[in-house]
K.L.:
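Just dropping this structure here.
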Amino acid sequence: MNLDGETNLKLKQALEDTSYLHGDENLRDFRATVKCEDPNANLYTFVGSMEFDEQQHPLSPQQLLLRDSKLRNTDYIYGAVVFTGHDTKVIQNSTDPPSKRSKIEKKMDKIIYFLFGILFMMAFIGSVYFGIVTKDDMEGRHKRWYLRPESADIFFDPERAPMAAIYHFLTALLLYSYLIPISLYVSIEIVKVLQSIFINQDIHMYYEEADKPAHARTSNLNEELGQVDTILSDKTGTLTCNSMEFIKCSVAGTAYGYGVTEVEKAMAKRNGSPLIVNGKDYVEGPAHGANHSSIKGFNFDDDRIMNGNWVNEPHSDVIQNFFRLLAVCHTAIPDVDEETGNVAYEAESPDEAAFVIAAKELGFEFFNRTQSSVSVNELDPVSGKRVERSYKLLNVLEFNSTRKRMSVIVRDEEGKLLLLSKGADSVMFERLSINGRNFEEETKEHVNEYANAGLRTLILAYRELSEEEYKVFNEKFVEAKNSVSADREAMIDEVAQKVEKDLILLGATAVEDKLQQGVPECIDKLAQAGIKLWVLTGDKMETAINIGYACSLLRQGMKQIIINLETPKIIELEKTGDKDAVTKASRESVLQQIMNGKYQVGASSSEAFALIIDGKSLAYALEEDTKMLFLDLAIGCASVICCRSSPKQKALVTRLVKEGTKKTTLAIGDGANDVGMLQEADIGIGISGVEGMQAVMSSDIAIAQFRFLERLLLVHGHWCYRRISSMICYFFYKNVTFGFTVFLYEAYASFSGQPAYNDWFLSLFNVFFTSLPVIALGVFDQDVSARYCLKFPLLYQEGVQNVLFSWRRIIGWMLNGLCSAVIIFFLCTKALDPQAFNKDGQVAGYQILGATMYTCVVWVVNCQMALAISYFTLIQHIVIWGGIALWYLFLLAYGAMPPSISTTAYKVFVESLAPTPFFYIITIFAVIASLTPYFAYNAIQMRFFPMYHGMIQWIRHDGQFDDLEYCNIVKQRSIRPTTVGFTARSLARTNPLEIEIHN
């Protein structure tokens with residue numbers, strides 16, 4: 001069964017006592033009573049029992065099918081519905097996704113409020129002035145006689161001046177409302193949807209092997225991709241492939257397997273020493289990939305035990321039991337191809353599949369599973385022939401994160417009762433019997449070597465049970481499983497612990513989870529971009545550290561601050577069983593280690609530090625009185641790795657970073673255990689790998705490989721941030737320009753409420769004449785190409801530092817708009833008044849003035865757009881110049897309509913504006929005068945004080961892209977002493993002082 005599309009299927013089985021019910025006739029007389037837990041949200045537990053034939057049969061998650069799950073390898077089933085509707089576990093788990101808005105959108109809201117404040121202030125000032133001058137128009141001394149105040153209703157009535165002022169205030173609010181860019185929100189939504197389409201269509205983020213493109217599941221956060229300060233990443237399946245390969249093992253104290261891991265190669269490179277494999281220098285070549293290419297999940301190479309040679313080894317009986325355990329102790333399902341006879345396996349985890357495949361390749365082929373038995377085709381060391389053996393499956397003691405082990409109890413063909421167990425070294429070694437520790441020291445040594453090589457290890461052990469001992473255990477086990485109570489799992493664990501003891505050690509397995517392609521290069525680029533990377537993983541500390549080295553998150557010479565609770569004092573207290581004392585000592589120890597770490601970081605300004613903390617310590621570090629100290633320490637380090645962390649801890653760490661730094665956080669993961677982290681972060685990125693679709697369904701953007709994060713952030717993130725920022729600034733500029741010409745004209749007309757423009761001119765300004773250019777800017781503009789974005793990663797810091805959408809830049813654009821409005825208004829009014837407008841001596845009325853000013857505004861704001869654009873496309877040319885042409889066409893068409901419709905615009909262009917050269921001269925001068933301040937400022941800044949993108953534009957303009965020395969001078973600004981990645985590592989190894997010189 002799979003619930004959300006994962007490739008690792010979960011085993012579901014009916015009770016053995018009801019497995020005979022195959023048809024309707026059998027079910028007709030079937031009667032049973034199910035007692036179970038109340039509805040709850042826990043997907044992985046189910047407490048219940050079924051009373052049938054006067055017997056109690058325990059029900060577990062293995063008998064429960066979840067809503068929306070899909071059954072495989074099964075034609076049909078008969079079942080009883082336990083929970084429906086909102087009582088189902090899946091629906092109880094469904095929560096409303098968190099509402100995420102980008103920081104730019106939130107800031108935009110504040111700007112709108114600011115503009116509303118300006119609008120009210122303008123309306124208030126105008127209304128006060130209007131009230132005062134209206135009151136001055138008393139009987140006998142009318143200053144504004146042309147308004148005929150003596151016959152006015154309210155608006156110009158001197159005796160009702162306060163009411164006139166209030167009426168004017170309401171009129172002014174409507175008149176100046178064009179200052180508020182209402183259409184901005186619509187335009188931004190259009191732009192974001194189109195940007196999302198570009199992200200989805202990017203061929204460079206398409207993973208051909210799995211046929212998976214990038215998928216932006218929301219368009220709300222496009223620009224936030226360009227402002228990420230910290231990335232919090234899962235390891236397994238995110239940095240690694242989550243495709244396990246059996247590569248080494250230790251059996252009877254002897255290490256087998258000559259495979260070389262990516263981590264070992266990285267360690268050898270780091271130490272500058274050659275790799276020794278089987279007594280010889282390792283040379284990478286095609287021969288080393290032979291096994292890897294032929295059998296998925298198996299990359300083992302050792303002639304001593306392959307091809308049946310294990311029978312000649314000194315401890316062949318231990319090797320036989322070792323691989324027999326791998327073939328029997330699991331929950332995998334075989335899928336036999338009837339035509340070829342080949343066996344494939346469906347397993348709950350990639351690790352389990354790798355173990356079964358390894359057993360098969362080494363002569364112990366698991367080929368059949370029934371409700372109560374497991375069949376294995378294995379090599380008989382006596383006869384030398386392959387024989388089929390069946391093991392009766394009596395009990396399965398399932399793996400969970402608390403037990404950290406899995407066991408099965410089977411009866412072999414000789415009638416022996418065997419307990420076969422595999423689990424983590426932290427819980428298995430303590431369960432060995434005194435006589436079962438023959439190879440303990442050698443195995444521990446090998447396990448540490450495997451962990452240092454970045455491998456995931458499990459310990460294998462077994463014991464033989466007596467009939468009496470099994471009978472006692474089984475009675476208690478059935479009783480615990482039949483219990484319908486909240487502590488059933490604890491009761492089962494307690495019973496299991498009593499039988500999982502006095503084990504005999506067989507050895508250890510080591511599987512490799514390879515790094516995804518391009519991970520070190522991606523981390524290096526992100527580090528050069530100034531983005532911090534935290535890794536949150538459930539793996540052992542040694543494994544996480546070595547994966548950190550392999551992916552360039554850690555480097556030689558970087559000081560490691562390790563926080564754990566493996567101190568002698570705490571270990572001693574744990575033995576006493578005094579939980580309060582252990583908690584107190586642990587809390588004090590973590591606090592002391594954090595303070596020591598802060599002192600080390602504060603004492604050195606040039607060294608790079610890495611913080612590594614385990615799950616136990618993290619629980620105390622995240623407490624209310626410690627978490628800010630922990631965050632301060634983590635921020636001062638170049639790398640942070642949290643090991644053995646639970647899903648809840650991942651979410652809590654993400655929340656701490658987001659709320660503590662007030663900067664944009666991005667979480668990336670591939671499994672259901674990463675969902676909390678993805679939803680807590682400002683941006684959640686789901687990896688559509690082999691762990692199912694839960695992470696993807698909870699994410700904001702889905703990608704198939706970690707390496708695509710480089711292009712997603714450095715290219716699309718930077719472009720989207722720049723486009724949205726420029727678009728909003730420009731929107732405010734054009735609305736301020738337009739709105740202030742209305743205000744200035746109203747002031748010029750003694751705040752009489754007379755609009756400068758025709759009603760349709762006012763309504764269509766943001767809809768037809770200036771809307772498309774700003775959308776084209778938001779969709780197509782590029783300050784630098786994708787190639788340059790990737791070559792100069794520090795460009796990304798413009799978004800992190802928010803230099804393109806700072807209050808200074810926003811106010812600057814608004815002042816530019818105010819300046820343009822003042823120039824347009826005064827140039828038009830002074831040029832048109834009081835001299836003749838045309839050769840007939842006609843002076844310009846307010847219709848002509850309004851149309852002339854409007855023409856100037858349309859030209860200025862569109863030409864301003866042309867100046868602001870860095871990357872012209874044909875579409876931008878069409879919409880900018882087309883917007884201006886559309887204004888003239890509209891003026892012609894609208895002016896040709898009857899006066900009752902066109903009102904003040906009736907034939908104003910044909911009869912007044914078009915024949916008059918003065919109209920064109922004013923337009924040209926207004927455009928030049930209005931754009932000169934911006935052009936001058938931009939030219940001075942670009943020449944003498946260029947921003948980082950300006951420097952790169954100069955490189956492109958001067959053709960210096962191939963000048964490596966000059967490019968390196970520009971690029972070195974991105975490398976800090978605290979940077980991670982192989983570029984910084986290489987630089988630090990070449991000349992540690994060179995970094996400081998570059999800075």
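Just so it is clear, the values below take in all heavy atoms, side chains as well, and ignore hydrogens, waters and symmetry mates.
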K.L.:
Partners of Tyr846 by side-chain contact (heavy atoms from CB on, under 4.5 Å), sequence neighbours excluded?
P.N.:
Tyr745, Gln754, Thr904

K.L.:
Phe114 ring centre to Lys110 NZ or CZ under 6.0 Å, with the angle to the axis within 45°?
P.N.:
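The answer is no, since Lys110 fails at least one limit relative to Phe114.
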
K.L.:
Is it the case that the side chains of Glu746 and His168 hold a donor-acceptor pair, with the cut-off being a distance below 3.5 Å and no angle test?
P.N.:
yes

K.L.:
Taking the inter-plane angle between the rings of Phe761 and Trp887 on a 0 to 90° scale, is it parallel (under 30°), tilted (30 to 60°) or perpendicular (over 60°)?
P.N.:
perpendicular

K.L.:
So with a 6.0 Å cut-off around OH of Tyr185, is the heavy-atom count from everything else above 12?
P.N.:
yes

K.L.:
Fit a plane to each ring of Tyr854 and Phe765, take the angle between them on a 0 to 90° scale, and name the class: parallel (under 30°), tilted (30 to 60°) or perpendicular (over 60°).
P.N.:
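Ring orientation, 0 to 90° scale: perpendicular.
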
K.L.:
Using distance only, find each side-chain donor-acceptor pair of residues 804-817 under 3.5 Å and give its atom names and separation, not counting sequence neighbours.
P.N.:
| residue | atom | partner | partner atom | Å |
| --- | --- | --- | --- | --- |
| Ser806 | OG | Arg809 | N | 3.3 |
| Arg809 | NE | Leu804 | O | 3.0 |
| Asn816 | ND2 | Gln864 | OE1 | 3.3 |

K.L.:
Quick one: which of Lys100, Arg217, Arg101 gives a salt bridge (charged side-chain N to carboxylate O under 4.0 Å, His left out) with Asp700?
P.N.:
Lys100

K.L.:
Is the closest side-chain heavy-atom distance between Thr873 and Gln876 below 4.5 Å?
P.N.:
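When only atoms from C-beta onward are counted, Gln876 and Thr873 do touch, with a gap below 4.5 Å.
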
K.L.:
Does a salt bridge link Lys192 with Glu105, judged by any charged N lying under 4.0 Å from a carboxylate O?
P.N.:
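A salt bridge links Lys192 with Glu105.
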
K.L.:
Under 30°, 30 to 60°, or over 60°: which ring-plane class applies to Phe120 and Phe116, parallel, tilted or perpendicular?
P.N.:
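Tilted.
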
K.L.:
Are the side chains of Phe731 and Thr770 in contact, using a 4.5 Å heavy-atom criterion?
P.N.:
no

K.L.:
By the definition side-chain contact (heavy atoms from CB on, under 4.5 Å), identify the one residue from Leu762, Leu179, Val860 that meets it with Phe738.
P.N.:
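Going through the options one by one, the only one that passes is Leu762.
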
K.L.:
Salt bridge or not between Lys103 and Asp682? Use side-chain N to carboxylate O under 4.0 Å.
P.N.:
yes

K.L.:
Within the structure provided, determine whether Cys828 and Ile922 are in side-chain contact (heavy-atom separation under 4.5 Å).
P.N.:
yes

K.L.:
With a 4.5 Å cut-off on side-chain heavy atoms, are Val191 and Ser219 touching?
P.N.:
no

K.L.:
Can you name the nearest heavy-atom pair linking Ile104 to Ile728, along with the distance?
P.N.:
CG2-CD1, 3.5 Å

K.L.:
Name the atoms and distances for all side-chain donor-acceptor pairs under 3.5 Å in residues 930-943, with sequence neighbours left out.
P.N.:
| residue | atom | partner | partner atom | Å |
| --- | --- | --- | --- | --- |
| Ser930 | OG | Ala926 | O | 2.7 |
| Thr932 | OG1 | Ile928 | O | 2.5 |

K.L.:
Before we go on, tell me: are the rings of His716 and Phe198 under 6.0 Å apart, centre to centre?
P.N.:
no

